[in-house]
Every structure is written in structure tokens, then in C-alpha cells.
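Notes follow the structure.
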There are 2 protein chains.
Amino acid sequence: MRQASETFANLPEDKRQRVLDAAIEEFAEHGFQGASMNRLAARLAIAKGSIFQYFGSKEGLFGFAFGRAVELFKGPLKAARERARGQGFFEVLRQSLLAGMEFIAKHPRIHRIYLKMLHNEDFPLRERVLGQVRAASAKYFRPLVLEGIRRGELRADLDPDLAVYVLDTLLDRFLQSLAAAPLDGGLGVFGADRATVERRAAELVEFLRRGLSA
Amino acid sequence: MRQASETFANLPEDKRQRVLDAAIEEFAEHGFQGASMNRLAARLAIAKGSIFQYFGSKEGLFGFAFGRAVELFKGPLKAARERARGQGFFEVLRQSLLAGMEFIAKHPRIHRIYLKMLHNEDFPLRERVLGQVRAASAKYFRPLVLEGIRRGELRADLDPDLAVYVLDTLLDRFLQSLAAAPLDGGLGVFGADRATVERRAAELVEFLRRGLSA
DNA sequence: GTTAGAAATGACCGGGTGGTCATTTCCACT
DNA sequence: AGTGGAAATGACCACCCGGTCATTTCTAAC
């Protein structure tokens, strides 16, 4: 996370929050390149000069606002693993999906920025942020898979690399389906109510448990 | 596909191709919003006015160039299905992955535009193009799954909707991994040589065939 | 009421944007 | 060589961008 000026640090808490919220919204709607500092200032009904006084530049604002936002992601995932402790591989999987859903439901704009960042090369910090996300995912799933094999829940000759990749892929894309209609496929989870999505998540996990082949 | 002016239609074939190629490259590198008509004109070493004479607007250019590009996608997929005819569900799957790889290897910039379009709302024709892609995917996979069940290759109680979704997800994302390092996971296919990628593709299909559970 | 320092302001800057159009260049046909 | 219409041109337009900074406004201590 980049640092903001002392001026910003001295601001009252609610104003700071208002500014960061509006910034996240602007970046979520328009991406980094498309975001407009003029529009942001107008939205906030404060002078553009103030924003530059706080963060120095558009890039500085993004770094600060997004850096603060990703901090929010760490809690829920740990909680999910706690919740499902000792209930087996596939239950941990299901709980992780639910945790992801919950985070997205609570912070949809952060997720949208992440999605835009995936294929938009001109976001600042892109390499670092995406690298961290992927590394965190691998660090999360790999022990899970190894433990699953050890306990006999998963096939002994499973390729862990491939298994981690498939899990990461399916879960990440399932969460993408919640936010982007074209990725929904025939699943019907885009914009669906919570119960429907939870049911589909459980079905997906069940699907993985049973495998494909006859 | 939008239409270009008669002026453009009258141009010699090689110049038309040069213009469209450069346009695809510009959009692939910078997205729709970020693409610059000035830069494009400079690249082509022709006057900006000419481009506007041909296509009327930036949006018109994109519609025409991209519309022509997606036409190229239809052939290889049909060929893949032909090639694997009668060799079973999973062989068709493998051949389809190879066809996707081949297309991306031959037209990487078209694929990049598609990827950018996934999460960038301001592309013209976005809804229509992405909807068509998803529909084509479903239309391709669904009979494959149903046939697989009928022939006893796939579990009889498989949920076809979910199966189609998983196949679409995994294959699409595998192809994304070829083009975007952060999506590679631990797989090692980003930027890898053809043999490596083919091996990984075969492993992925094998993984699907055998399933996860013990 | 005065004052000092922090915070807010918005006119202004250079530069890039998509788009226009009067003018020039080109070329095939007589 | 002359000519008519198609094609190419690039100066120009209004607008918006990220960023600057001299000036004004606010606030709190005395």
C-alpha cells in the first residue's frame, strides 16, 4: 500500500472513508485508464486539487485505495477454513466458495477491479497484486489437496499441481460468474438470489466429489 | 459485422488487410477505450482522415475489424470434432483444446481482445459477441455430454448443465492461461513451447476422465 | 480580535482525444 | 494533354485529461 499525505491522515474518519469509497467506485466502473479525477472530484463535491494534495497522483490514489481494500479479503477465507475444520476436503471447498461469495456480496466493487485487472495490463501494481492472489490461492489449496490424499479422500495418484489448478480455476471462475453475465453459462447464478447461488455452489462441489467418468 | 464505406471496399486487397491487421493490433494492445486513432494512423503511415472515411468512427472500425476476425474461429472447431469423430468423449475434448490452442497461436491478438472484452464493459458489441461465444460453447458441449452419457462413457446421473459449465470453464480458462501469466497457476503453460502445452492439455483431459475422488 | 498554519479551492496548463472537411493528389479514360 | 471523379490529406475543432499552484477559507490558540 502506498502512503497518502499527512493532510489526508489528519482528515476526519468519515470523510476519509467517503473519499476512498468513491475512488473504489470510480475505478470499479471505469478501470484505471478510464477513471476520471475530474468526475471523481465532482462526485465527491470537493475540489480536484484536494485529491491531488492527498495522494499526489491518480496512481497514488489507486495504490492507496486498493491496497487498503485487499486487506479486507484475508479474514473471511481463514474463517471459512476454521468453520469447516475436520469436516473433510470437500466441505472445506464448499465453505471456501461460500466465503468468496460472501466477500463479493459485501465488496462487489473490489471484485470488479480485480476482474478488470486480470486482462488489463495498464493497472498499476498489477503484477504484484495478481501474483499475490495466485500465490495465496496455491498456498491455500495445496495443503488441502495433500491432506485430502493422505486421508484417502482423494485418489492417491492425483497430480497435486493439476488438482490445485483445477480447483483454483473452477472456484475463481464460479465467482466470476456471479459478477459477469457472459461467464454464467447455463448455470443461472449471475444476479441470482443467495439461496440459488448456494445451491449451485454445493452442486459444483458435489460434482467434483463424484467425478465425471462412469 | 458493421459495414465499411465503399471507398474501403474499393481498396486493393493488401492495403485493406494491412489496415485491419493494424487495427486489431491496436485494440489488442490497448483495449477499446485506450486505442488511439492518431497512433493507428501513424503506425499505418496514412492520414487519420482516411480511416474515418473508411469506417466513420472508432466504433465502426472496431465493429468491422473484430466482426471479420471472429469469422476465423468457426472453421478450426468443426475440424476438431471431425478429426476425433467416433473416438469417444474425452478424445473430442482433447482435440477441442488443441483446436483452441492452435487458433490462439495463429491469432493471439484476437484472443487478447476477447479476454479484455470479458471484464471491460465499454467495448461496443460486447453483449452480443460474448453472448454468441457462450451460446456457441453450450451448443458445442451439450450434445457431446448427452452422447457421452448415452454411450456409457459418463455417469448416467450426471447433471448436463453442470457438466457443460465445468467443461466450458476449464477449457476457456486453460486457454486464458496461455495468454495471461497471472492465470497460469502452477501449471507452467504461459509462454511455454507447444509440446509442453499439448502435454498439459492431455493431462487435464486425463484428469477429467479419472475424476477426483478415491 | 488577531494571527499562524493547515486545508480547500478552481482557474489554468500542456497535451492528447475522436472527429471534420476544404483542399490537394492521383489515376483512368478520352 | 486534358478532365472528372475517387481517394488521400492534415490543419483544425471542441473537449477532456492529469496535474499545478497562487490564493482564499477555515480553525483553533491566544
Side-chain angles (χ1 to χ4, degrees), chain A residues 2-20 22-27 29-66 116 120-125, chain B residues 2-20 22-27 29-66 116 120-125:
Chain A
R2 306 287 177 75
Q3 56 186 0
S5 76
E6 201 166 323
T7 304
F8 184 72
N10 291 340
L11 255 43
E13 165 66 18
D14 62 333
K15 177 162 185 181
R16 263 183 289 155
Q17 206 52 55
R18 260 191 71 231
V19 171
L20 294 181
I24 290 289
E25 187 163 340
E26 178 71 18
F27 287 120
E29 281 177 10
H30 303 283
F32 180 75
Q33 168 143 214
S36 157
M37 302 298 274
N38 292 312
R39 193 168 37 208
L40 175 59
R43 253 193 229 216
L44 283 165
I46 67 176
K48 180 166 58 157
S50 294
I51 303 179
F52 280 90
Q53 192 135 56
Y54 301 156
F55 306 101
S57 68
K58 187 182 185 178
E59 191 165 328
L61 168 61
F62 179 80
F64 187 85
F66 189 71
K116 283 188 200 299
N120 203 329
E121 294 80 8
D122 57 21
F123 272 93
L125 315 173
Chain B
R2 304 288 177 76
Q3 58 185 1
S5 77
E6 201 165 322
T7 304
F8 184 71
N10 291 340
L11 254 41
E13 165 66 17
D14 62 334
K15 177 162 184 180
R16 262 183 290 155
Q17 206 51 55
R18 259 192 72 231
V19 171
L20 294 181
I24 290 290
E25 188 164 340
E26 179 71 18
F27 286 121
E29 281 177 10
H30 303 283
F32 180 75
Q33 166 142 214
S36 157
M37 301 298 274
N38 292 314
R39 192 168 41 208
L40 175 59
R43 252 194 230 216
L44 283 165
I46 67 176
K48 181 166 58 157
S50 295
I51 302 179
F52 280 91
Q53 192 135 57
Y54 301 157
F55 305 103
S57 67
K58 187 182 184 178
E59 190 165 328
L61 168 61
F62 178 80
F64 187 85
F66 189 72
K116 283 187 198 301
N120 202 328
E121 294 80 9
D122 55 21
F123 273 93
L125 315 173

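Please read all numbers here as calculations on a predicted model, not as lab measurements. Just so it is clear: chains get the letters A, B, ... in the order the sequence lines come, proteins before strands, and each one is counted from 1.
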Quiz item: Mind checking what makes salt bridge (charged side-chain N to carboxylate O under 4.0 Å, His left out) contact with A:Glu6, not counting sequence neighbours?
Solution: none

Quiz item: Is the phosphate of D:dC16, meaning OP1 or OP2, less than 4.0 Å from a side-chain N or O of A:Asn38?
Solution: no

Quick one: [X] [atom1] to [N] [atom2], roughly how many Å, whole number?
| X | N | atom1 | atom2 | value |
| --- | --- | --- | --- | --- |
| B:Glu26 | C:dG18 | CD | P | 9 Å |
| A:Leu40 | D:dG19 | CG | P | 12 Å |
| A:Met37 | D:dG19 | CE | C1' | 9 Å |
| A:His30 | D:dG18 | NE2 | P | 11 Å |

Practice problem: Using ring pair (Phe, Tyr, Trp, His ring centres under 6.0 Å) as the criterion, point out the one residue from B:Phe66, B:Phe62, B:Phe27 that pairs with B:Phe123. | Solution: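 When ring pair (Phe, Tyr, Trp, His ring centres under 6.0 Å) is applied between B:Phe123 and each of B:Phe66, B:Phe62, B:Phe27, only B:Phe62 qualifies.
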
Within the sub-3.5 Å range, which N or O atoms of nucleotides 6-9 of chain C have a protein N or O partner, and how far apart are they?
residue: C:dA7; atom: OP1; partner: A:Asn10; partner atom: ND2; Å: 3.1
residue: C:dA7; atom: OP2; partner: A:Thr7; partner atom: OG1; Å: 3.4
residue: C:dA8; atom: OP1; partner: A:Lys15; partner atom: NZ; Å: 2.9
residue: C:dA8; atom: OP2; partner: A:Tyr54; partner atom: OH; Å: 2.7
residue: C:dA8; atom: N7; partner: A:Gln53; partner atom: OE1; Å: 3.2
residue: C:dT9; atom: OP2; partner: A:Ala47; partner atom: N; Å: 2.9

Quiz item: Is the shortest side-chain N to carboxylate O distance from B:Lys116 to A:Glu121 below 4.0 Å?
Solution: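 Yes.
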
Quiz item: Less than 4.5 Å apart, any side-chain heavy atom of B:Ile51 and any of B:Val19?
Solution: no

Quiz item: Within a strict 4.5 Å, meaning less than it, do heavy atoms of the B:Phe52 and B:Leu61 side chains meet?
Solution: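 A side-chain contact is absent here, since even the closest heavy-atom pair is not under 4.5 Å.
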
Quiz item: Who are the ring pair (Phe, Tyr, Trp, His ring centres under 6.0 Å) partners of A:Phe8, not counting sequence neighbours?
Solution: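 Partners of A:Phe8 under the ring pair (Phe, Tyr, Trp, His ring centres under 6.0 Å) test: A:Tyr54, A:Phe55, A:Phe64.
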
Could you list all N or O pairs between the protein and nucleotides 23-28 of chain C that sit under 3.5 Å apart?
none

Quiz item: Any idea which heavy atoms bring A:Gln53 and A:Ser5 closest together, and the distance?
Solution: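 Heavy-atom minimum between the residues: O-OG, 3.2 Å.
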
Quiz item: With a 4.0 Å cut-off on heavy atoms, is A:Ala35 in touch with a base, just the backbone sugar-phosphate, or nothing at all?
Solution: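 Counting heavy atoms under 4.0 Å across all strands, the contact made by A:Ala35 is with sugar-phosphate only.
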
Solution key, residues 32-44 of chain A side-chain donor-acceptor pairs under 3.5 Å, sequence neighbours excluded:
residue: A:Gln33; atom: NE2; partner: A:Asp122; partner atom: OD2; Å: 2.7
residue: A:Ser36; atom: OG; partner: A:Asn38; partner atom: N; Å: 3.3
residue: A:Ser36; atom: OG; partner: A:Arg39; partner atom: N; Å: 3.0
residue: A:Asn38; atom: OD1; partner: A:Lys48; partner atom: NZ; Å: 2.9
residue: A:Arg39; atom: NE; partner: A:Glu26; partner atom: OE2; Å: 2.9
residue: A:Arg39; atom: NH2; partner: A:Glu26; partner atom: OE2; Å: 2.8
residue: A:Arg39; atom: NH2; partner: A:Gly34; partner atom: O; Å: 3.1
residue: A:Arg43; atom: NE; partner: A:Glu26; partner atom: OE1; Å: 3.4
residue: A:Arg43; atom: NH1; partner: A:Glu25; partner atom: OE2; Å: 3.2
residue: A:Arg43; atom: NH2; partner: A:Glu26; partner atom: OE1; Å: 2.9
residue: A:Arg43; atom: NH2; partner: A:Glu29; partner atom: OE1; Å: 2.9

Quiz item: Toward the 5' end of DNA chain D, which comes first, A:Ser36 or A:Gly56, by nearest nucleotide?
Solution: A:Ser36

